[in-house]
Amino acid sequence: MNGQNPVASGMALAAQQTAPLSGVPQNLLSTTYSESFLTSKLLSANQWHPFPKYAERGPWQAVPDDLRAAFIARAEQDQKTGWKEYPATIFLEFKRTGNQSDWQTDNWGRRAQMQRLLLAEMFEGKGRFLDDIANGIWLICEETSWSDNAHMYMQRAGVGLPDVTEPVVDLFAAETAATLAWTRYLIGDQLDQISPLIGKRIVIECERRILRPARDRDDFQWMGLAPGFAATHRLNNWNPWINSNLLVTNILLEEDPKLRLHEMTRITRSVDAYLNQYWPDAGEEEGPTYYTRSPLCLFECLNWLESATGNSTQVLANPFIGAMGRYILNAHIAGDCYINYGDADMHLSPEGDLIYRYGKAVHDEQLASFGAHIAASGGWTAKGNGLNGVLNSDLTSLSRSVPSILNANEIRASKQDEGLVRDKWYPSLGLMTARQKSNSTDGMYVACLAANNGRSHSHNDTGSFIIFQDGEPVIVDVGVETYNAKTFSADRYNIWTMQSAYHNLPTIGSVMQHDGTAYRATDHKYESNDKHATLSFNLASAYPKEAGVKSWVRTVTLDRLLNKITVEENFELDNAVPVSLSLMTTRLATVDAGGTVTLKLATGESKGSLLRFDATAIQPAVETVEVADPRLRGDMGDRVYRILLNSKQPVASGRWSYEFGPA
């Protein structure tokens with residue numbers, strides 16, 4: 001049903017996971033799914049049968065009873081609540097105040113509500129939710145725009161109310177179109193019994209708002225199709241996210257065979273533009289939060305292409321596609337904690353159901369088992385309280401919920417793996433992760449990103465590190481506040497969480513790191529064995545000229561024998577200036593005599609940590625930063641602490657060493 005290949009042998013799997021990559025496969029989609037190939041292989045909308053429809057009761061009745069009951073109960077609540085209207089002033093909030101959260105709550109909530117009603121009807125099959133679904137479809141079709149209020153900069157009229165004459169194809173417009181397309185696919189006959197104009201309206205609105213503008217325009221930046229654009233700009237999660245939904249909408253709803261084929265070839269070229277410039281080591285520059293909308297959406301593009309062409313290729317067996325999926329394993333720290341450079345969050349619940357299907361499709365048993373492990377605690381196939389996350393979520397997708405739910409019995413019965421990989425080095429991206437030992441959270445863990453400051457969603461954070469002890473945070477990346485008008489504006493790096501002074505980095509004579517791809521770490525040297533894991537790099541190029549940095553070599557070492565992490569700073573400056581090292585923590589930090597800082601969890605539980613440094617050269621201080629933003633509070637709690645290791649006097653050079661370990 002999902003176009004998955006048989007699981008490879010253990011020897012082949014091991015070779016795939018350890019063999020060095022030969023680089024990004026160029027133009028993978030457009031060469032695999034050429035126009036001639038699609039002409040002969042692409043199934044018509046009537047022939048394509050990715051899921052059982054409403055009348056095919058068996059698979060829907062085979063879904064576990066607890067899942068069926070939970071969705072039906074929630075849909076009954078939705079019936080009582082009814083459909084919420086939202087006025088023009090909600091859409092205008094982004095222009096007026098920079099707030100986009102209120103609009104997103106209402107807009108995404110409407111689509112999530114329709115999805116719940118649809119799934120409940122698919123499970124029950126009695127028709128009692130059909131009128132509510134029809135009302136939801138009609139309301140969505142009546143909306144002036146399906147695009148996010150923050151994305152109206154893409155229209156000629158600029159930010160504000162949407163111009164109905166210029167549909168904007170963005171993330172959420174494309175997601176809406178796919179939601180309507182799947183709804184028509186699953187219950188189209190039942191909607192026709194209410195009125196044949198409902199299904200017809202879905203086709204008309206998706207054609208007008210999504211298919212036609214995506215087909216006729218090359219200037220949406222996420223496409224990467226404008227001449228020369230991909231050579232000078234990096235594409236991010238927008239590309240596979242939108243294209244995965246555009247692909248489904250085109251396959252299911254485009255009625256003109258020539259236009260359908262034409263759009264398929266454009267989609268493959270657009271996704272190629274994104275994939276062609278991916279990091280050659282398959283590292284995800286946007287971090288684990290955007291993994292769910294970057295590699296996972298690429299997988300969906302390939303999965304739908306395979307399914308709609310009769311599973312005629314072996315494209316998912318390409319080692320690079322497997323390596324992209326495996327990133328989430330290498331970014332996992334412990335429990336629900338992941339490395340969170342840039343705009344990523346520390347606490348995540350990735351879509352384990354989809355990761356499981358990804359792992360199976362690319363022959364990666366550990367990735368599939370990790371997905372099953374995540375799915376057991378949260379997601380479409382979880383039990384009890386673990387299911388509440390998706391039942392209460394606003395941002396949901398039928399492209400993900402339907403195949404996950406239909407595979408619930410298999411996912412629940414499959415092998416689970418906690419995803420505790422010992423080491424990973426991404427040489428192109430400059431990312432190192434290392435823990436004390438495989439398959440355990442015991443001991444020290446470190447992750448360090450020594451990349452550039454021009455990545456998509458990046459902060460000025462190159463060379464910063466994250467440290468955990470026994471699965472609990474010690475030194476953290478604070479993360480990002482709730483998105484608002486300032487987040488992606490010219491004022492982005494005036495936000496404190498974006499600045500290097502609030503990452504685990506040096507400030508040199510009051511000068512912080514600068515943003516842009518030119519500001520980067522260089523001269524990487526990496527080594528890992530059973531005794532230690534070490535990464536060293538030069539941070540001089542990450543700072544502007546006024547910092548006067550001739551050389552700043554940072555070396556981060558996990559000592560597996562002594563269970564400690566040592567950081568060495570070997571620097572040479574143009575002039576003697578005050579130097580300050582920032583270390584961000586959520587632990588209570590107490591400066592002790594004799595060159596130590598004690599770091600204790602606020603709850604008092606678990607073993608404390610010690611920071612040791614040279615007290616003859618360094619004067620420590622601790623600042624408290626109160627956290628007001630709800631997104632930050634969810635990750636960091638009510639406050640974070642900034643430990644400052646200040647030079648006792650201006651210095652022109654130095655060789656400092658400090659270490660972290662159990663108290």
Side-chain angles (χ1 to χ4, degrees), residues 339 341-342 423-434 444-453 455 458-468 474-478 499-509 511-515 518-528 532-544 547-559 564-574 577-585 597 611-614 617-618 620 642-647 651-661:
I339 56 176
Y341 50 82
D423 292 286
K424 182 58 183 178
W425 167 236
Y426 287 96
S428 300
L429 183 58
L431 173 64
M432 174 189 82
T433 67
M444 304 302 291
Y445 171 97
V446 64
C448 184
L449 178 67
N452 67 65
N453 288 333
R455 310 175 317 274
S458 72
H459 297 182
N460 289 340
D461 59 0
T462 190
S464 188
F465 52 80
I466 298 168
I467 294 175
F468 272 58
V474 177
I475 300 298
V476 300
D477 186 311
V478 173
Q499 298 174 342
S500 63
Y502 290 91
H503 288 80
N504 307 308
L505 290 164
T507 300
I508 303 164
V511 179
M512 297 183 290
Q513 288 189 5
H514 202 283
D515 57 284
Y519 298 91
R520 61 178 66 230
T522 61
D523 305 322
H524 300 85
K525 295 180 178 62
Y526 169 77
E527 181 182 70
S528 179
H532 66 264
T534 298
L535 175 64
S536 69
F537 45 88
N538 194 338
L539 282 174
S541 298
Y543 291 81
V549 187
K550 291 181 179 179
S551 175
W552 192 295
V553 177
R554 167 172 279 188
T555 303
V556 180
T557 301
L558 166 63
D559 187 322
K564 67 177 183 178
I565 293 167
T566 301
V567 183
E568 297 176 358
E569 315 279 6
N570 186 3
F571 59 91
E572 185 177 358
L573 311 176
D574 288 339
V577 295
V579 169
S580 181
L581 299 175
S582 296
L583 298 168
M584 306 302 297
T585 184
V597 175
L611 162 62
R612 297 180 175 89
F613 57 90
D614 181 2
I618 294 172
R642 182 166 73 146
I643 303 169
L644 295 170
L645 301 182
N646 301 311
S647 61
V651 289
S653 63
R655 186 183 291 271
W656 294 356
S657 178
Y658 49 102
E659 65 181 47
F660 303 85

| message | What I'd like to find out is whether the side chain of Phe613 reaches to under 4.5 Å of the side chain of Leu583, using heavy atoms alone. | response | no

| Heavy-atom pair of closest approach, residues Leu645 and Pro620 | CD2-CB, 4.2 Å

| note | Here the gap from Leu573 atom CG to Ser653 atom OG, rounded to the nearest 0.5 Å, amounts to 7.5 Å

| Looking only at atom types and distance, does a side-chain atom of Thr555 sit under 3.5 Å from a main-chain N or O of Glu568, one as donor and one as acceptor? | no

| field | Min side-chain heavy-atom separation Pro506-Arg554 under 4.5 Å | value | yes

| field | Leu431 vs Ile339 side-chain heavy atoms within contact, under 4.5 Å | value | yes

| Are any non-hydrogen side-chain atoms of Trp425 and His524 less than 4.5 angstrom apart? | yes

| message | Between Ile466 and Tyr341, does the side-chain contact (heavy atoms from CB on, under 4.5 Å) criterion hold? Intermediate values first, please. | response | CA-CA 9 Å; Ile466 298 168; Tyr341 50 82; 6.0 Å; no

| request: Report the distance from atom OH of Tyr502 to atom CE of Met584, rounding to the nearest 0.5 Å. | output: 7.5 Å

| task | Measure the shortest side-chain to side-chain distance between Asn453 and His514 over non-hydrogen atoms and say whether it is less than 4.5 angstrom. | result | no

| note | Taking every heavy atom of Gly430 against every heavy atom of Leu535, the minimum-distance pair comes out as O-CD2, 4.4 Å

| request: State, yes or no, whether a side-chain contact exists between Pro578 and Asn646 at a heavy-atom distance under 4.5 Å. | output: no

| query | Do Phe537 and Thr462 touch side chain to side chain, with heavy atoms closer than 4.5 Å? | reply | no

| said: Is there a side-chain contact (heavy atoms from CB on, under 4.5 Å) between Ser551 and Asn538? Walk through the geometry before answering. | reply: CA-CA 7 Å; Ser551 175; Asn538 194 338; 3.5 Å; yes

| Which is it for Val579 and Trp552 under the side-chain contact (heavy atoms from CB on, under 4.5 Å) test, yes or no, and what are the steps along the way? | CA-CA 12 Å; Val579 169; Trp552 192 295; 3.6 Å; yes

| query | CD/Gln499 to CG/Asn460 distance, rounded to the nearest 0.5 angstrom? | reply | 8.0 Å

| said: I need the Phe465 CZ to Leu505 CG distance, nearest 0.5 Å. | reply: 8.0 Å

| task | Hey, could you give me the CG/CE distance between Leu449 and Met432, rounded to the nearest 0.5 Å? | result | 11.0 Å

| note | Shortest non-hydrogen pair, Ala617 vs Trp656, comes out as CB-NE1, 4.1 Å

| request: List the atom of Asn504, the atom of Val476, and the distance in Å for their closest heavy-atom pair. | output: ND2-O, 3.1 Å

| field | Spatial distance of atom NZ (Lys525) from atom OG (Ser536) [nearest 0.5 Å] | value | 5.5 Å

| field | Stepwise side-chain contact (heavy atoms from CB on, under 4.5 Å) check, Phe571 with Ile508 | value | CA-CA 11 Å; Phe571 59 91; Ile508 303 164; over 6 Å; no

| query | Is the shortest distance from a Lys or Arg side-chain nitrogen in Arg455 or Asp461 to a carboxylate oxygen in the other one below 4.0 Å? | reply | yes

| Is a donor on one side and an acceptor on the other found under 3.5 Å between the side chain of Ser582 and the backbone of Ala501? | yes

| field | Phe660 to Met444 - nearest heavy-atom pair and separation | value | O-CE, 3.9 Å

| Are the side chains of Tyr445 and Val474 in touch, meaning some heavy atoms are under 4.5 Å apart? | no

| task | Work out which heavy atom in Gly342 is nearest to a heavy atom in Asp477; give both atom names and the distance. | result | N-OD2, 4.3 Å

